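Following: one structure in structure tokens, then a few remarks.
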Amino acid sequence: MDSLPLLADHPYASFLDQVEKPARYAGGEVGSVVKDWASVEARVCLAFPDVYDIGMSHLGFKILYKLLNDDPRTLAERSYAPWVDMEAQLVKRGLPLVSLESARPLRDFDVVGFSLQFELTYSNILTMLHLGGIPLRAADRGEDDPIVIAGGPTATHPEPIAPFLDALVIGDGEEKATEVALTWTRLKREGVPRRERLIAIARLGAIYVPSLYATRRDPDTGFEVVDRPLVPGIPFPVERALVDLNRYPFPDESPTGGPEAIFDRMSIEIARGCTEGCRFCQAGMIYRPVRERDPEQIVDTVMRAVQKSGQDEVSLTALSTADVSCISPLIKKVTERLTAERISLGVSSLRAYGLEPDLLDQLKRVRATGLTFAPEAGTQRMRDVVNKNVTEEQLLETAERVFSRGWGKMKLYFMIGLPTETDEDVRGIVETGARAAGAGRKAAGRGKPADVTVSVSTHVPKPHTPFQWAAMDTLAEVARKQQILRDTVRPYRAVTLKTHEAHASVLEGIFARGDRPLADVLERAWRNGARFDSWDDQLKLAVWEEAFAHAGVDRAKYLGTLPVTARLPWDHIDVGLEEGFLAREYRKALQNRLSPPCGKVAGTFVHHTNLDDARADTRRLVCYDCGVACDMTQMREERLTFLDRLGAHKRSLPIVKEAAVALPDAAALPDAAALPDAAALPEAAAPPEAAALPEPAAPPEAVAPPAKPAPKGRGGFRYRFRFEKTGPVALLGHLDVVRELPRVLRRVGAPMTYTAGFHPKPDMTFSPALSLGVISLDEYVDLRLERDLDPAALEALVASMTAASPRGLVFRGAAKLGPEDPAVSKLIAGARYALAFARSAIGSDAEAILAARCGAALSAASLPIRREIDRLAKMVDVRQYLVRAEVGGPDVLSALARAGLAGDLVALDVEVDIRGSGAVKSSEVAAVILGEPGEAPGAITPPPHRAVRLQLFGRAAPAGSAAAERFSLLDLERARRVKSAPERAASAPLAADAG
């Protein structure tokens, strides 16, 4: 049943609290931008085809959102794929999918731009188009429909999704985003027909418009390939866009808050591209050449981002961060700046070997319990095949360094199904993990843990890589190899094996190397329920089986070995590689031959960390003439400039000895397969493992600031803040609010004190938690700040905190606490609620009906109700907690209006006890007074309503009186009379269901 609308004028307001994580759809985050639609020329909806929790971490969205909103001619809003429960609600109610910022349907925008990070999100694109009111197929769109455009790594092989898209941006999107939006809208205003507008877009360059190209069937493969342009003057092949990153500084501000994102930190892209040349890695091929951001720009961006976002962790990201030329001095520089702010520094793809010892010593202060590395293959032969320039010696060195510095766990990523793989190579995966565990136990010392997790996924041959012609293992072969792994791991108790479901990988492989006929399969599967195919619990294999059979598509042709001489469905997309380069690398792989990393001196695996050594090394840098045409002289000079700017002039420590092997060393961590936020965006690849949730990739290694000396006692100065939760914040879970408050204080420059121990946290105590959707006008938190504030400064802080908070979080007052003041959890004795109902839902004589029901409830000896938490049920007697219930008067109705509730309302004015032994939910009170009995004993359904917590209070007896009176929790004088009240003192965990 629907409740009263919680968000004014929002189309989803009446039912948001019926879906999982309703704040995914509410907006209002700090850093979000709401512009006047009439003030701009072009309106762009950035559409991410996965849930909010994943899309909020995506760097490409952050780049384009900032770029478009900084331009006065354009605006950008966001939309994410609705989870299955929200989709069901929208379909049931006939409502459109809307943007977060202005709640406008997708069809109202001029441009809808999708991020193509992963093939298994294609069905979600169809969902978003359908719910957004946009025809699925580009051929069916009319003159007034928006242009549907996409970019990202899978835009380089887009044929299976091409019929649903008007255009695709190939390569870097920074320069194209505004150009496309303005060109489209200006031509539309001039009355230019849709097809002519698409031709104009194609002629901008680096943009592929599928409807403007003819296809034919290739006799060697049976694939349908793009044959020629249908219009003169449009590019063929379509070349990628390439930008100078330093012309587009990484944004220091983006939407922050809402439900916790999968990667909840401020990620900063420090480089785009990779030098290592791993033959399975698409991102390493399509984002060449390596482009590094100016380190001074990075440091400045980090510090501004910390202040604006309030987040307590920054992550430096790149495809292979360890191979950024100035990574060691950059980490030191950033760490120095962050130390005083208690901000930890995460660095993705940072391997342990080859780094200076002082950096490794900082690594051990990380708050995580383990580190992650990716050897990719279990034998040296296979590592040579995939061009993973890492040796067994270096891997064991990594394990030794990790475990000797206090970590107890290490995770290693591998793949099975690589070209030329044998059973010996498969067994070598577990044996490599076992040797790493052995080295770790020896380094850690007796009695200390040294556990290694070996995580094994299935290789998917990707377009634009040397392995694009290789066959993918069948499901039966994958199962056989996984059994070999399980058999091999049994004797090794220190090694934990994890394997991944391969069905999704096979589907990914089909669509990665697919052609246009697969569009029919995709649409059929989507119409029959395919959604969130990268989520193991959502993948519907039977639906896909039926779709392939119905379309008469032979899946085997997409998964087998492809002729090197054949035309492929992605050959019309030019990612900058010279013709023949990938084939040469494929042949070298089949001969077990390595290609050393480009852009480095042959035989080295780390860049020089100081100017003196870099200048002294005059050896030539490796170049393969891959077609990208890197300027090696400029590359060398840029590295010298970066070291100079970072002040890394002299060698401060001895150089770490390189491995005595004939081959160069390279990344021991993932390149493209690091983490979603490690991708160099806006078109960076999210790895299959990270995208195929719900098992997210491990967090990046972090370099925490050097720990401050532990303060004596708890330190700092205690304050109590009163605040309100209305609108979008009322839809946030309690833990999300707890996470948000320290960010608010960081944004306003009010440093908090932290708890002691191994995992220091902001020192805070909150009032009892509320259920999702319950509004509150009276919430409290006790916390400690480093500064001693006088009343005027405290009042100013309260005002500034509201200005730095997400929409709906308002601070109403504060008081400084003394050492004798009890904690808020010791004072709370009860709460007052307003339970609001639409008059029409109660009846014409609503007040009389409510009064009669209240009287009956108060006269009852007991009011039992069934409460279910985590599938465990218990009976609760609401009458034991119910103190007062009556019809709400004018003051209550006024409070409802302040809470944002409008209409012809009637309300109950309810008072309940909150005790140390428990409390009741406002919905339970509404149920026992006005609800209808359910089928199960004690199950009662409350009528549609909206609860507002009007007041939290304590109780204390005045001098000379035995009767306790209510008092405000900011009334410190009366609060000090409460010495101890074990039945009233409710800690936040105990009262977590008090909503």
Side-chain angles (χ1 to χ4, degrees), residues 153-159 170-171 206 208 213 216 218-223 225-229 235-242 273-290 319 384-389 418-420 459-472 512-513 515 558 560-600 602 620-632 635 663-664 666 671-672 685:
T154 66
T156 63
H157 51 280
E159 290 307 292
I170 309 301
Y208 170 48
Y213 293 83
R216 65 170 175 84
D218 183 77
D220 292 338
T221 61
F223 288 155
V225 298
V226 175
D227 186 44
R228 68 187 189 283
F236 185 75
V238 181
E239 297 181 358
R240 62 173 178 161
L242 199 68
C274 180
T275 62
E276 299 307 287
C278 296
R279 290 168 179 147
F280 57 83
C281 178
Q282 185 189 67
M285 298 294 166
I286 66 175
Y287 290 115
R288 296 182 175 211
V290 174
L319 288 174
D384 292 349
V385 167
V386 301
N387 209 42
K388 193 71 180 180
N389 285 285
L418 293 160
T420 78
H459 173 245
V460 177
K462 285 298 178 85
H464 305 293
T465 71
F467 290 166
Q468 65 181 0
W469 297 282
M472 183 173 177
R513 301 202 296 188
D515 53 5
Y558 299 105
T561 302
L562 303 180
V564 175
T565 55
R567 274 193 56 78
L568 301 173
W570 51 90
D571 279 351
H572 59 290
I573 304 296
D574 182 357
V575 297
L577 299 175
E578 179 182 81
E579 186 175 354
F581 170 71
L582 294 178
R584 290 196 301 272
E585 283 295 299
Y586 185 37
R587 293 187 184 99
K588 290 176 71 174
L590 298 180
Q591 297 166 8
N592 305 340
R593 290 174 54 200
L594 270 173
S595 294
C598 58
K600 295 179 181 177
R620 291 180 58 188
L621 304 181
V622 172
C623 177
Y624 291 112
D625 294 323
C626 67
V628 173
C630 298
D631 186 333
M632 293 298 181
M635 185 181 295
L663 52 92
D671 297 81

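Only a predicted model underlies this, so the values are computations on that prediction, with no experimental measurement involved.
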### Task
Please lay out, stage by stage, how Gln282 and His157 fare under the test side-chain hydrogen bond (donor to acceptor under 3.5 Å, both in side chains).
CA-CA 11 Å; Gln282 185 189 67; His157 51 280; 3.2 Å; yes
### Task
Evaluate side chain to side chain contact (heavy atoms under 4.5 Å, CB included) for Phe223 paired with Glu159, printing each intermediate quantity in order.
CA-CA 11 Å; Phe223 288 155; Glu159 290 307 292; over 6 Å; no
### Query
Please walk me through it: do Lys462 and Met285 pass side chain to side chain contact (heavy atoms under 4.5 Å, CB included)?
CA-CA 11 Å; Lys462 285 298 178 85; Met285 298 294 166; over 6 Å; no
### Query
Should Val386 and Cys278 be marked as a side chain to side chain contact (heavy atoms under 4.5 Å, CB included) after you check the CA-CA gap, both sets of side-chain angles, and the distance that decides it?
CA-CA 6 Å; Val386 301; Cys278 296; 6.0 Å; no
### Task
Check step by step if side chain to side chain contact (heavy atoms under 4.5 Å, CB included) holds for Val225 and Asp571.
CA-CA 8 Å; Val225 298; Asp571 279 351; over 6 Å; no
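Using a 4.5 Å heavy-atom threshold, the side chains of Pro597 and Asn389 count as touching. Looking only at side-chain heavy atoms (C-beta outward), Pro153 and Ile286 come within less than 4.5 Å of each other. Side-chain contact between Thr221 and Pro563 is present, with heavy atoms from C-beta onward closer than 4.5 Å. The closest side-chain heavy-atom distance from Leu582 to Leu577 is below 4.5 Å. Side-chain contact between Arg216 and Pro219: present, with at least one pair of heavy atoms (C-beta onward) separated by less than 4.5 Å.
Atoms OG1 and CG, on Thr275 and Leu319 in that order, are 10.0 Å from each other to the nearest 0.5 Å. Note that the SG atom of Cys598 and the CE atom of Met632 stand 6.0 Å from one another [nearest 0.5 Å]. The distance from the CG atom of Asp574 to the OH atom of Tyr208 is 14.0 Å, given to the nearest 0.5 Å. Annotation: the span from Asp384 atom CG to Thr420 atom OG1 amounts to 10.0 Å, rounded to 0.5 Å. Note that CZ of Arg584 is 8.0 Å distant from CG of Asp625, once rounded to the nearest 0.5 Å. From Gln468, atom CD reaches atom OH of Tyr586 across 9.5 Å, with rounding to the nearest 0.5 Å.
Using a 30° and 60° split on the angle between ring planes, Trp570 and His464 fall in the perpendicular class, above 60°. The aromatic rings of His459 and Phe467 sit perpendicular to each other, their planes meeting at more than 60°, with 30° as the lower class boundary.
For the pair Val226 and Tyr213, the tightest heavy-atom approach, listed with the atom from each and the gap, is CG1-CB, 3.7 Å. What you find for Glu585 and Ser595 is that their closest heavy atoms are OE2-OG, 2.8 Å. The minimum heavy-atom distance between Arg279 and Leu594, with the atom names listed, is NH2-C, 3.9 Å. Closest non-hydrogen pair, Gly273 versus Val290, comes out as C-CG2, 3.8 Å. Contact detail for Ala470 and Arg513: the closest heavy-atom pair is O-NH1, 2.8 Å. In this structure, Val385 and Ala589 approach most closely via the heavy-atom pair O-CB, 3.3 Å.
Asn387 places a side-chain N or O within donor-acceptor distance of the main-chain N or O of Gly277, the cut-off being under 3.5 Å.
Counting non-hydrogen atoms of neighbouring residues, nucleotides and ligands closer than 6.0 angstrom, the CD atom of Gln591 exceeds 12 such neighbours.
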